[in-house]
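Please read the structure below before turning to the comments.
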Number of protein chains: 6
Amino acid sequence: MPYIKIEVTREGITREQKNELIKGATDLMVRVLHKDPAATFVVIEEVDTDNWGWGGESITDIRARQR
Amino acid sequence: MPYIKIEVTREGITREQKNELIKGATDLMVRVLHKDPAATFVVIEEVDTDNWGWGGESITDIRARQR
Amino acid sequence: MPYIKIEVTREGITREQKNELIKGATDLMVRVLHKDPAATFVVIEEVDTDNWGWGGESITDIRARQR
Amino acid sequence: MPYIKIEVTREGITREQKNELIKGATDLMVRVLHKDPAATFVVIEEVDTDNWGWGGESITDIRARQR
Amino acid sequence: MPYIKIEVTREGITREQKNELIKGATDLMVRVLHKDPAATFVVIEEVDTDNWGWGGESITDIRARQR
Amino acid sequence: MPYIKIEVTREGITREQKNELIKGATDLMVRVLHKDPAATFVVIEEVDTDNWGWGGESITDIRARQR
């Protein structure tokens, strides 16, 4: 019965990448914990860069400085 | 002081249904745990079907196959 | 595919009450959203009263004052 | 390694306020727990007022009555 | 900056398995999203079987019936 | 109606520090968002160092190497 929540910044993740995340996280539960895939939920939460802070500043500001 | 988070796929939940979920979850806390409704939060998180995985594939793909 | 997280203070919830919470939250998803119970997870998280704050103080302190 | 999630209703929070929340929550971890800011994540989740319940009704309904 | 929360029932997960979950989830973020491992948190939450419901009953009850 | 979840490793946080976290997070909501303290929940989740991964390894392993 695993539930996996993946929180990442919303920066252009494609549907193919989401499918890979879902498949990879589910496979991890099967391989390591021998869980049933049919009892495994994966939820991806995309967070605006304004709403994610790291080191005391937003990812928006960090990205602006990296350019 | 309960906090209840309800995560469901975003598939056309109406405002009336949301109100029923809020009322029902709050009543459950009152009935079973004798909690004060004024100290009960309910948060509904609607998740895109691309972002919810079950059995290793997205709900988008599952729904497409069900049609 | 609902996932419901119920967070409450750890203050002597019995196994019977937990079963009622699980049954009640699952029934709510079936009744309001027509979800399949077999695709509904309910997770109860019990939180120490030292670790739950309300109005700027811990539930431990609030309970001590209520006595 | 703290992770802080701030959930609030989506009611016009500005980018300046978000920056203050990120800075304030990070500073709190440094001041109280001596954590490294570079190892501190802050995530702000804005929730529609239809999706937040308090006292058994949505914030949308509470706000409508307050007017 | 990914944050991954893995919620599973507390049923004897070893430290080696936890290390595999941490490594596997981090590698997934690197491989699919090209994230920096140094900016990836993985948190494993073990939940008592009394506190996890599936299909309207607790995992404790489901396990008892499976024996 | 803010809800703030603070997740940190379980490494000897005192009750005094918890009280400071609760007070500090609540004050932040009041100062920045003008929220009512009586409508603000703060929940502190302490996570075993075996269960928190950073950079692909557990905090337990990172701490052992730092000694």
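Proteins come first, then strands; the chains are lettered A, B, ... in the order of their sequence lines, and each starts at number 1.
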Exercise. Considering residues, nucleotides and ligands other than E/Lys35, do more than 12 of their heavy atoms fall under 6.0 Å from its NZ?
Worked result: yes

For this session: Under 4.5 Å, counting heavy-atom pairs only, tell me which of C/Ala25, C/Pro37, C/Gly24 racks up the most with chain E.
Result: C/Pro37

Exercise. Can you tell me if C/Arg10 uses its side chain to pair, donor with acceptor, with the backbone of C/Glu46 under 3.5 Å?
Worked result: yes

Exercise. Does C/Thr60 use its side chain to pair, donor to acceptor, with the backbone of C/Asp50 at less than 3.5 Å?
Worked result: yes

Problem set entry | C/Ala38 backbone acceptor or donor facing E/Trp54 side chain under 3.5 Å | yes

For this session: Find the one option among C/Ile22, C/Thr26, C/Ile6 whose heavy-atom pairs under 4.5 Å with chain E are most numerous.
Result: C/Ile22

For this session: Check each atom of E/Thr9 against the heavy atoms of chain C and say whether the ones under 4.5 Å are side chain, backbone, both or neither.
Result: neither

Problem set entry | chain E contact via C/Lys18 - which portion, at a heavy-atom distance below 4.5 Å | side chain

Seminar exercise, completed: Cut-off 4.5 Å, heavy atoms of chain C, and the answer for E/Asp61 is side chain

Exercise. Can we say E/Glu45 and C/Lys5 salt-bridge, meaning some charged N sits less than 4.0 Å from an Asp/Glu carboxylate O?
Worked result: yes

